[in-house]
2 protein chains.
Amino acid sequence: MADQTKCEQCPLRTLEVFRKLDDKQLGFIARFKTGELIVEPGSTILLEENNSPHLYTILEGWAFRHKQLEDGRRQILNFALPGDLIGLQAAILSEMQHSVTALTRATLCVFQRDKIWTLFQEFPELSFSMTWLAAREEQMLDGHLLSLGQRTALERTAYYILHLYDRAEALGLAGNNALCAPFGKGHLAEAMGITPVHASRTIKKLHERGLIRWTDDTILIRDRDRLQALASFESDPTMRRPMI
Amino acid sequence: MADQTKCEQCPLRTLEVFRKLDDKQLGFIARFKTGELIVEPGSTILLEENNSPHLYTILEGWAFRHKQLEDGRRQILNFALPGDLIGLQAAILSEMQHSVTALTRATLCVFQRDKIWTLFQEFPELSFSMTWLAAREEQMLDGHLLSLGQRTALERTAYYILHLYDRAEALGLAGNNALCAPFGKGHLAEAMGITPVHASRTIKKLHERGLIRWTDDTILIRDRDRLQALASFESDPTMRRPMI
DNA sequence: CGGACTGTTGATCGGTATCAATGCTCGTGG
DNA sequence: CCACGAGCATTGATACCGATCAACAGTCCG
């Protein structure tokens with residue numbers, strides 16, 4: 001554990017968005033954490049139907065949750081950014097019904113699942129945080145369901161870019177309307193439930209309307225107001241959130 | 001509280017699917033519950049953006065969670081059945097980002113939100129249950145996201161009928177391949193992200209293929225195997241679940 | 001009886017998928 | 001160093017799924 005990040009000095013915890021923990025809680029988290037895992041882009045972190053003994057949080061990097069049909073059609077459910085919990089479903093329900101794959105090289109904090117019960121017994125605040133995180137994830141999924149069900153590809157894409165931008169910004173990973181996107185248009189397509197071909201056309205249209213500019217690996221929001229109007233996106237007030 | 005159901009005699013708790021609580025927990029729940037609310041079909045239980053002071057559980061009846069865009073397009077996120085928690089997001093995140101409407105006449109158990117903190121402090125098992133319920137809801141939403149993003153209207157409808165059947169069956173509200181559906185085809189359409197017109201045609205096609213029969217308010221599954229194959233649905237082993 | 005609501009059916013339109021060809025970047029090996 | 005192929009993105013042509021518009025039937029209820 002020499003070269004690993006100590007929870008007490010976790011760089012994420014200095015960010016505004018995250019609630020501060022008291023020493024007792026932080027001490028427990030530090031003991032709860034059993035190590036770090038570094039994964040390469042494209043590698044599988046958790047596999048559907050497996051029952052992983054671990055719970056993770058992302059310390060650095062991006063990942064995505066996804067799920068697929070037997071014939072191979074795949075849907076990206078959501079992206080996971082630093083501070084996000086990975087594997088809560090497996091930890092609580094003891095079965096994973098989706099996979100998680102690293103998008104970039106990523107560092108994960110590894111927690112041992114069998115200590116989660118201690119967490120619930122001794123740390124009501126942290127238990128609350130667990131529920132909080134689950135409820136928030138649910139809220140995001142609700143938003144995406146509305147998107148997939150009701151928005152057109154264009155609106156949906158606009159919405160998603162704003163969504164990702166706001167999440168990244170809160171973590172200091174975006175700013176000045178520029179989002180450094182570590183994924184290709186194919187990934188966006190899979191998240192939008194459209195084909196890569198159509199994603200390309202959709203992005204082009206957003207570009208032509210002067211709303212965004214997507215160069216290499218950064219997405220620039222050129223006219224947030226009109227982009228929001230198109231998407232009927234409303235940024236929710238960034239509330240401070242807990243982090244395990 | 002004379003004519004109300006006492007938690008100790010709650011008819012739901014005798015069902016196989018629900019985990020048993022010990023007396024201490026049950027006693028707390030009974031004190032946590034402040035009353036019952038009876039709502040008529042179509043009435044709003046929770047409204048988006050409001051911050052309701054209540055947390056509910058459905059004792060009897062059906063409801064649905066939904067969310068809409070400014071221009072009126074509406075998506076049904078999920079249906080809620082007896083034993084399901086309503087308003088967890090409001091209770092934990094202090095803002096509701098979706099509405100909940102009663103589908104049938106329904107009886108709700110009302111809990112006071114400010115006691116939820118006591119629950120986390122004194123009842124680790126119940127705290128775990130909260131997280132469990134949130135994680136399970138998340139899992140269902142994941143499934144629906146896959147549906148909306150990747151399945152065709154036909155597959156999606158097949159999937160959803162099976163999904164609802166299984167949930168209802170666990171509660172004794174369906175059996176013998178017959179699901180008593182207290183909603184119209186319009187509601188199904190809103191859940192599927194398609195128009196009522198297309199829902200009608202889709203159901204007709206499922207009927208023609210001999211997979212289902214939808215008469216009045218009951219849906220009969222006539223060939224579960226082929227319906228499952230079409231939907232690429234896999235019923236998850238009905239695990240016992242907690243109930244608040 | 002008439003009106004509202006839900007569902008059905010047909011005709012046509014539009015959004016997105018599919019198929020196919022091309023260009024591009026990049027890493028690899030000759 | 002260049003040739004090559006793999007993977008990703010773009011563009012065009014066409015096909016299809018589901019939306020939209022419109023008319024009508026059935027049921028419920030005042």
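Values in this document were obtained by computation on a predicted structure and should not be read as measured data. For the numbers below, each heavy atom of this structure counts, side chains included, while hydrogens, waters and symmetry mates do not. Numbers restart at 1 for each chain; the letters A, B, ... are given by sequence-line order, proteins then strands.
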From [atom1] of [X] over to [atom2] of [N], roughly how many Å is that when rounded to an integer?
{"X": "B:D216", "N": "C:dC5", "atom1": "CG", "atom2": "C1'", "value": "15 Å"}
{"X": "A:D217", "N": "C:dC24", "atom1": "CG", "atom2": "P", "value": "20 Å"}
{"X": "A:K205", "N": "D:dG12", "atom1": "NZ", "atom2": "P", "value": "13 Å"}
{"X": "B:Q150", "N": "D:dC17", "atom1": "CD", "atom2": "P", "value": "16 Å"}
{"X": "A:L148", "N": "D:dG18", "atom1": "CG", "atom2": "C1'", "value": "16 Å"}

Original post:
Any salt bridge between B:R65 and B:D84, counting N to O under 4.0 Å?
Top reply: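 No.
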
**OP:** Can you see which heavy atom on A:L59 is nearest to which on A:P82, and at what distance?
**Re:** O-CB, 3.8 Å

Original post:
If the sugar-phosphate is the primed atoms plus P, OP1 and OP2 and the base is the rest, what is the B/S/- string for nucleotides 7-18 of chain C, using protein heavy atoms under 4.0 Å?
Top reply: SSBBB----SSB

Subject >> Ring centroid separation B:F183 to B:F64 under 6.0 Å >> reply: no

Subject >> Lys/Arg cation over aromatic A:Y159: A:R151, 6.0 Å, 45° cone >> reply: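 Relative to the ring axis of A:Y159, which defines the angle, A:R151 lies inside both limits.
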
Original post:
Among A:Q97, A:K67, A:H66, A:Q89, which one satisfies side-chain hydrogen bond (donor to acceptor under 3.5 Å, both in side chains) with B:D142?
Top reply: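 For B:D142, the side-chain hydrogen bond (donor to acceptor under 3.5 Å, both in side chains) check succeeds only for A:Q89.
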
**OP:** Name all residues meeting the salt bridge (charged side-chain N to carboxylate O under 4.0 Å, His left out) criterion together with B:D223; count only those two or more places apart in sequence or in a different chain, and write none if there are none.
**Re:** B:R226

